[in-house]
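Working notes, structure below.
In each ligand, atom 1 is the first atom listed, and ligand 1 is the first ligand listed.
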Amino acid sequence: MNPASTSPGSELPARIRKDPAALHPPPHLRDPAATAARFVWDDARALVDGLPDGGGLNIAHEAVDRHLRHGRGDRTALRWIGKSGERRAFTYAELAAASNRFASALAGLGVQPGERVFVLMGRLPELYVAMLGALKARCAVTPLFSAFGPEPIATRCAMGDARVLVTTPELYQRKVAGLRERLPGLRHVVLVGDAPADGPGLRRWGELVDTASADYRIGPTDPEMPSLLHFTSGTTGRPKGAVHVHQAVLAHAASGRFALDLHDDDIYWCTADPGWVTGTSYGLIAPLVCGVTSVVVEAEFDAATWYDVLERERISVWYTAPTAIRMMMKLGTGPLAGRDLSSLRFLASVGEPLNPEAVVWGQQAFGLPFHDNWWQTETGGIMIANVPALDIKPGSMGRPLPGITAAIATRDGAGHVHLIDDPGVEGELVLKTPWPSMMRDYLDEHARYQKCFSEGWYFTGDLARRDDEGYYWFVGRADDVIKTSGHLIGPFEVESALLEHPAVAEAGVIGIPDPTAGEVVKAFVALKPGFEGSEALRRELLGHARKRLGAAVAPKAIDFRANLPKTRSGKIMRRLLKARELGLPEGDLSTLESDER
Ligand code: AMP
């Protein structure tokens with residue numbers, strides 16, 4: 001498609017040139033630099049309506065009800081494709097009625113604004129309806145990933161004081177029922193499906209929601225009222241609950257246009273699960289706020305199924321992730337032969353580093369490059385992106401969106417920020433505060449929240465470089481969290497689960513590079529006296545972790561060690577475990593107290 005210049009000694013183009021005038025439809029951001037120079041967040045207010053009669057700002061109103069007022073109620077909002085190929089579609093009017101019913105049902109249960117509604121299920125239509133309904137009821141919503149095991153689910157529900165849980169009978173039995181005593185505040189469990197629902201506070205979706213009133217008036221919603229509570233992982237301690245507010249919808253409305261270039265008649269597919277922040281901000285909110293048809297696919301990744309979806313559903317804008325792209329690359333372009341993918345016009349990727357080969361493979365396979373973009377749970381929306389009208393430098397995350405000021409910085413012991421102006425120098429990626437979708441707190445951990453900010457800058461925890469044209473290049477994490485298949489895993493949560501096993505004395509968990517998943521989780525374990533590091537025990541520990549944590553979080557490999565390297569304060573030195581595993585320099589060992597060798 002676009003002329004590309006090649007960097008010396010490499011087959012890969014250093015730059016994929018874009019001609020904004022040749023793009024159809026004309027991109028929302030025709031001249032990114034000019035828009036960035038004049039854009040202020042107040043401008044984004046023109047993209048939303050606000051609640052009638054000065055009632056404030058509510059995400060669900062902007063995502064759904066607003067379109068009815070603009071005569072767009074008959075357009076398809078969600079098109080759902082089930083695991084066995086069954087399909088259901090909701091117009092904006094139908095989605096408005098369905099989410100009203102859930103909001104009415106919550107009111108009928110006595111659930112109050114501000115209380116928390118958790119959803120735990122695969123990508124079923126009820127998941128999306130429940131989230132929108134709970135937002136209308138002014139509850140804070142937490143979507144949980146259905147591949148989590150009982151432990152991460154119970155931890156998050158307890159931390160978030162879940163009042164209502166919407167799940168399926170099968171997930172409830174397998175993952176929640178056994179830990180219910182840890183959740184005294186959980187008053188209502190709404191089960192989606194036909195299986196019998198007997199037990200305290202258990203209700204069937206069909207009986208509760210289908211019969212509730214489709215008339216619901218959203219109460220006054222302060223733009224600063226909590227809307228979503230997304231859990232993310234840190235290096236130490238419990239997961240962090242990032243608190244977001246309704247005002248975030250301004251960033252979703254703007255970035256849906258600026259970064260994903262969503263236009264009215266787009267058929268858009270975000271492959272992410274709402275259990276991870278991308279699947280909520282860009283699998284639910286942004287596409288609906290922008291008024292497009294959003295396709296939801298229940299099945300997990302399978303290249304043939306995905307190509308079928310792209311072709312049959314006539315997808316025009318596709319937002320996916322590096323691990324999936326690399327899995328498709330492994331199969332080559334053979335499975336694409338004879339397919340008509342001419343509806344595709346824009347491909348984007350997020351969540352982990354997108355290698356240049358993957359960017360360029362998009363061109364070979366689809367005639368379009370993948371556009372990498374960067375953000376994180378805490379930022380609530382896309383911050384840095386390769387937008388349609390900007391040349392792509394494969395391997396770069398792109399440039400900050402209008403309204404976002406990024407920089408590379410360090411901070412000293414006194415908390416002073418030192419911006420690094422020289423291009424090409426590595427430092428921490430920082431963002432100037434505030435922006436509408438910025439997290440407002442870590443739940444019950446205000447001190448931990450405050451540590452992320454200094455002198456008006458938010459410290460992202462990512463290391464990066466900026467080049468002389470203002471493009472940002474991801475270098476790595478500044479901490480020990482692990483990114484596997486796009487999912488952020490806290491080593492502490494995995495270590496804690498391993499320590500529950502009677503044979504384990506110490507556990508240290510790291511990410512090791514993997515050509516497809518980016519990183520995979522690996523554990524090092526020291527056993528208690530009397531236990532042998534046998535193959536049978538290794539398998540038992542892998543099984544134990546999988547049962548407690550779920551497949552998405554559990555380690556894929558375990559090595560036994562006599563001891564683990566520790567600091568004087570007794571902290572396992574994951575950094576050292578990693579350096580040794582990968583044969584890298586061991587770095588500063590001045591804090592090393594006891595070693596494995
Ligand atoms: P999460 O909060 O789970 O969305 O994870 C956010 C983290 O994923 C970021 O802090 C980065 O470490 C990583 N990440 C997200 N997008 C990208 C990207 N485009 N390139 C490299 N890393 C990314």
Check contact between Asp372 and ligand 1, using heavy atoms of the residue and a distance below 4.0 angstrom.
yes
Rounded to the nearest 0.5 Å, what's the gap from [atom1] on [X] to [atom2] on [Y]? Could you check?
{"X": "Tyr268", "Y": "Phe346", "atom1": "OH", "atom2": "CZ", "answer": "10.5 Å"}
{"X": "Leu401", "Y": "Ile382", "atom1": "CG", "atom2": "CD1", "answer": "6.5 Å"}
{"X": "Leu582", "Y": "Ile512", "atom1": "CG", "atom2": "CD1", "answer": "7.0 Å"}
{"X": "Lys175", "Y": "Thr167", "atom1": "NZ", "atom2": "OG1", "answer": "9.0 Å"}

Please write down residue, atom name and distance for the protein heavy atom closest to atom 7 (C) of ligand 1.
Lys483 NZ, 3.8 Å
Considering only the protein, which heavy-atom contact is closest to atom 11 (C) of ligand 1, and what is its distance?
Asp462 OD2, 2.9 Å
Which one holds for [X] and ligand 1: side chain close, backbone close, both close, or neither close, with close meaning a heavy atom under 4.0 Å?
{"X": "Thr377", "answer": "both"}
{"X": "Glu352", "answer": "backbone"}
{"X": "Gln376", "answer": "both"}
{"X": "Trp276", "answer": "neither"}
{"X": "Asn373", "answer": "backbone"}

With the threshold set at 4.0 Å, does a side-chain nitrogen-carboxylate oxygen contact exist between [X] and [Y]?
{"X": "Lys556", "Y": "Asp514", "result": "no"}
{"X": "Asp480", "Y": "Arg575", "result": "no"}
{"X": "Arg440", "Y": "Glu224", "result": "yes"}

Per atom 16 (N) of ligand 1, closest listed option by heavy atom (Ala464, Gly351, Ala272, Ala321):
Gly351
Is Val350 close to ligand 1, meaning an N/O of one under 3.5 Å from an N/O of the other?
no
Atoms of ligand 1 under 4.0 Å from any heavy atom of Pro353, numbered from 1 in the order shown, are 20 (N), 21 (C), 22 (N)
Arg580 charged N/C atom sitting above Phe524 aromatic ring, 6.0 Å / 45°:
no
